[in-house]
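First the structure, in the form of structure tokens, and then the observations on it.
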Amino acid sequence: MQFLEKVSRSKINYAILLLWTAIAFITAYNHEIWRDEMRMLSTTLLHSSILELPRDMVNEGHPMLWYVLLKFCYFIYPNPIVLKIISFLIGLASVTLVLKYFRLPLYISILFIFTNIMIFENTVMCRDYGISALFIILFFILHEKGKFYWSLLIIFLLIQTQVVGSIVGVLLFGLVFLEVFEIKNIKYKKLGTILLSFLISTLLFYFTTRTNELSYFYNVNTISMIDSLKNLFISIVFPSKVLSPFIQNAHILNSVLVFIFAYFLSRKIWHSILFYACVVLINVINLQVYTLSSRHIGVMIVFMFCMYARDFKFNLNLKDQNWNTKILSIGNLVVIPIVFFCLVISNFVQCIEDIYHERSSSLSLADYIKSKPEYANSVLMSEPDFYLEPLPYYIPNKLFFPRENRHALYASFSKLNKDTMAMSEIIKHSDSFKMKTKAQCLILFKDFDFTDSSMKKVYFVYLNKTLTWTIQDISRLKKLKEFNNAVGDETYSLYEIL
């Protein structure tokens with residue numbers, strides 16, 4: 001009988017996985033790559049040697065694991081589609097592990113794997129957040145099986161994925177250390193291995209993510225120690241921003257949900273403490289450094305889910321339980337699944353939007369350029385310049401960044417990208433290209449009104465950027481087409497520089 005039950009659950013898991021794969025594949029196939037996704041691949045393409053990668057990553061703000069993986073896969077199959085392939089396979093691996101190894105009621109596993117976190121953010125979106133989720137899931141599986149050294153390796157790799165992954169990784173190092181420390185016959189060799197692994201992984205993270213004096217983030221808006229301590233205190237008492245990507249600015253509800261989630265993990269007090277520490281640190285980042293979005297917070301939700309799954313107690317006999325255990329049982333069986341259900345609805349909304357609407361205008365722009373033989377070898381420019389970044393996924397045209405006076409694949413968010421520029425400089429570059437290569441020059445403008453009598457536009461990209469022009473400059477521009485159908489911010493108008 002038990003064998004039949006196992007076979008039955010196994011078949012159900014295969015059916016669920018097949019449905020998940022179909023939804024994720026259809027969405028990923030129709031997904032339009034946008035600038036943040038392509039930028040990371042473009043970074044790996046600057047030089048052929050992997051030894052040059054640390055230099056190319058300077059001021060990018062991400063550790064190097066995702067870059068190394070992209071470079072390796074692109075070396076095997078030199079096509080930008082590797083972005084989608086890698087992301088899809090990582091997401092599929094995460095979901096397979098959840099279905100195979102997590103001892104949860106089937107409906108809870110189904111709700112979790114069909115959330116927007118597991119399908120849209122970690123599989124369809126081609127970023128380094130999916131690999132963070134995979135490593136968190138792998139850690140809890142290996143740790144449960146007593147694979148001490150494999151667990152440490154996974155934490156080491158997790159810290160090299162991205163910032164929220166590194167926060168979770170540091171906390172997991174703490175969890176492993178405390179569990180080893182609590183053993184009666186303490187194995188000092190293991191404690192030493194944990195500390196050494198922690199030291200090496202955090203140093204590697206620091207040296208691959210630190211900025212230099214050219215970065216916009218270097219000594220910009222420096223926050224004092226007093227402000228840092230203030231933000232830490234606020235985050236401990238009132239973590240009001242950490243769930244804002246899901247519930248917007250409902251600060252009280254935000255904090256209440258955090259406390260409820262921490263409480264539902266309190267069967268093991270260390271799980272509650274770890275989750276709350278993660279929340280506090282993420283909230284500090286939100287207050288002090290950078291406003292996080294659902295893809296960042298999704299990593300924390302995966303972390304919470306893994307602790308929840310590890311300590312799950314399936315007990316419907318509430319009569320024999322005290323009031324605290326009853327609340328925890330109801331939370332395990334009802335409240336947290338309701339949260340996942342809301343994220344499932346969010347996922348299907350995002351997937352439908354991604355399939356039936358343009359996320360970026362890049363594909364439409366690429367199709368337009370391909371349809372015009374006279375623009376086949378054109379040089380592309382843009383204001384703001386980072387709107388060029390997704391284009392190498394679709395077309396091989398050269399990109400030029402006038403503010404940096406260089407051909408490149410992506411814009412530099414550094415002082416190399418000058419703050420003030422005149423349209424006449426752009427036109428001068430265009431004339432030079434036409435003279436040397438006979439290539440046409442096209443330029444994208446985002447929300448520019450050239451009838452404005454001020455002859456000046458100021459826009460914000462971490463720092464203020466200014467573009468000025470004259471009536472004579474505008475006479476050199478010929479408007480070709482508007483690309484305004486994308487649901488994201490990658491909309492613009494295309495001009496030819498005459």
Side-chain angles (χ1 to χ4, degrees), residues 34-35 216 358 360-392 394-395 397-486 488-498:
W34 64 298
R35 59 183 181 273
Y216 284 157
E358 288 186 16
S360 166
S361 297
S362 300
L363 177 57
S364 295
L365 173 62
D367 288 341
Y368 176 82
I369 292 174
K370 289 176 184 176
S371 70
K372 303 290 183 180
E374 64 269 31
Y375 300 137
N377 298 315
S378 59
V379 177
L380 301 175
M381 296 183 272
S382 178
E383 277 290 310
D385 46 16
F386 54 79
Y387 285 108
L388 292 172
E389 291 175 3
L391 290 174
Y394 299 107
I395 50 176
N397 295 61
K398 286 187 176 181
L399 310 182
F400 185 76
F401 296 84
R403 290 182 182 271
E404 303 168 37
N405 192 26
R406 66 177 185 134
H407 288 284
L409 295 175
Y410 58 91
S412 171
F413 291 136
S414 75
K415 295 171 186 176
L416 296 175
N417 190 295
K418 62 183 183 180
D419 296 334
T420 301
M421 189 174 66
M423 185 79 78
S424 57
E425 296 177 68
I426 296 175
I427 293 172
K428 189 180 294 184
H429 286 300
S430 173
D431 292 341
S432 175
F433 295 143
K434 287 178 183 178
M435 185 179 298
K436 293 178 181 177
T437 65
K438 308 298 183 184
Q440 297 290 335
C441 287
L442 306 180
I443 186 165
L444 310 175
F445 286 108
K446 167 75 172 178
D447 298 333
F448 273 72
D449 181 8
F450 292 120
T451 63
D452 186 353
S453 60
S454 67
M455 303 296 181
K456 177 180 180 180
K457 182 175 175 65
V458 179
Y459 56 89
F460 187 76
V461 187
Y462 301 108
L463 293 174
N464 286 325
K465 298 289 182 181
T466 303
L467 179 68
T468 60
W469 61 85
T470 65
I471 295 175
Q472 185 179 359
D473 294 332
I474 302 305
S475 67
R476 294 284 304 274
L477 299 179
K478 175 187 175 183
K479 191 171 186 178
L480 299 177
K481 189 173 181 181
E482 290 189 359
F483 297 88
N484 293 324
N485 294 326
D489 68 338
E490 291 184 5
T491 58
Y492 34 69
S493 299
L494 177 66
Y495 290 78
E496 179 183 350
I497 303 177
L498 301 174

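The figures here come from the full heavy-atom set of this structure, side chains too, leaving out hydrogens, waters and symmetry mates.
Contact of the Leu363 side chain with the Glu358 side chain is not registered, since no non-hydrogen atoms from C-beta on lie closer than 4.5 Å. A 4.5 Å side-chain heavy-atom check between Phe413 and Phe386 finds at least one atom pair inside the cut-off. A 4.5 Å side-chain heavy-atom check between Glu383 and Ile426 finds at least one atom pair inside the cut-off. The shortest side-chain heavy-atom distance between Ile474 and Leu477 falls under the 4.5 Å cut-off. Between Phe483 and Ser493 there is no side-chain heavy-atom pair separated by less than 4.5 Å. In this structure, Tyr368 and Lys481 have side chains that are in contact, with non-hydrogen atoms separated by less than 4.5 Å. Contact annotation: the side chain of Ile395 approaches that of Leu380 to within less than 4.5 Å [non-hydrogen atoms, C-beta and beyond]. Contact of the Ile497 side chain with the Ile443 side chain is registered, since non-hydrogen atoms from C-beta on lie closer than 4.5 Å.
Expressed to the nearest 0.5 Å, how far CD1 of Ile369 lies from CD of Glu374 amounts to 11.0 Å. A distance of 13.0 Å separates NZ in Lys438 from NZ in Lys436, rounded to the nearest 0.5 Å. Considering CD of Glu389 and OG of Ser360, their distance stands at 11.0 Å, rounded to 0.5 Å. In this structure, the separation between NZ on Lys428 and CE on Met423 is 14.5 Å, given to the nearest 0.5 Å. Atom-to-atom distance recorded for Lys398:NZ and Leu388:CG is 14.5 Å, nearest 0.5 angstrom. Of the inter-residue distances, the one linking Asn405 atom CG with Lys418 atom NZ reads 7.5 Å to the nearest 0.5 angstrom.
Side-chain N or O atoms of Thr437 include none that pairs as donor or acceptor with a backbone N or O of Lys434 at under 3.5 Å. Not a single donor-acceptor pair under 3.5 Å links the side chain of Ser361 to the backbone N or O of Ser364.
Residue pairs meeting the ring-ring contact (aromatic ring centres under 6.0 Å, His included) criterion with at least one partner in residues 422-443, sequence neighbours excluded, are Phe400-His429, Phe400-Phe433, His407-Phe433.
A salt bridge does not link Glu425 to Arg403: none of the charged side-chain nitrogens sits closer than 4.0 Å to a carboxylate oxygen. Salt-bridge formation is not detected for the pair Lys446/Asp385: no Lys NZ or Arg NE/NH1/NH2 atom is positioned less than 4.0 Å from an Asp or Glu carboxylate oxygen.
At a cut-off of 3.5 Å, with distance as the only test, a side-chain donor of Glu496 or Tyr375 sits close to an acceptor on the other residue. In the model, Ser378 has a side-chain atom that pairs as donor or acceptor with a side-chain atom of Asn397 under 3.5 Å.
When all heavy atoms of Ser371 and Pro373 are compared, the pair lying nearest together is O-CD, 3.4 Å. Thr491 and Gly488 make their closest contact through CG2-O, 4.1 Å (heavy atoms, listed as atom of the first residue, atom of the second, distance). In terms of heavy-atom proximity, Glu490 sits nearest to Pro390 at OE1-CG, 3.6 Å.
Taking the six-membered ring for Trp and the full ring otherwise, the centers of Phe450 and Tyr495 sit less than 6.0 Å from each other.
Residues satisfying the side chain to side chain donor-acceptor pair (under 3.5 Å) test with Asp367, not counting sequence neighbours, are none. Partners of Glu404 under the side chain to side chain donor-acceptor pair (under 3.5 Å) rule, at least two apart in sequence or in another chain, are Arg406, Asn417.
In this structure, Arg35 is positioned above the aromatic face of Tyr387, its NZ or CZ under 6.0 Å from the six-membered ring centre and within 45° of the axis.
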Would you please test Leu365 and Tyr492 for side-chain contact (heavy atoms from CB on, under 4.5 Å) and show each step? CA-CA 10 Å; Leu365 173 62; Tyr492 34 69; 3.8 Å; yes

Would you sort out whether Ser362 and Trp34 count as a side-chain contact (heavy atoms from CB on, under 4.5 Å), showing the intermediate values? CA-CA 8 Å; Ser362 300; Trp34 64 298; over 6 Å; no

For Thr466 and Asp419, run side-chain contact (heavy atoms from CB on, under 4.5 Å): C-alpha distance rounded to whole Å, both residues' side-chain angles, the deciding distance at 0.1 Å, then the answer. CA-CA 6 Å; Thr466 303; Asp419 296 334; over 6 Å; no

Full working for side-chain contact (heavy atoms from CB on, under 4.5 Å) between Leu467 and Phe445: CA-CA 11 Å; Leu467 179 68; Phe445 286 108; 4.0 Å; yes

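Counting non-hydrogen atoms of neighbouring residues, nucleotides and ligands closer than 6.0 angstrom, the CD atom of Gln472 reaches no more than 12 such neighbours. By the 6.0 Å contact criterion, NZ on Lys370 is enclosed, its count of non-hydrogen atoms from other residues, nucleotides or ligands being greater than 12. No more than 12 heavy atoms of other residues, nucleotides or ligands lie within 6.0 Å of CG in Asn377, so this atom counts as exposed by the packing criterion.
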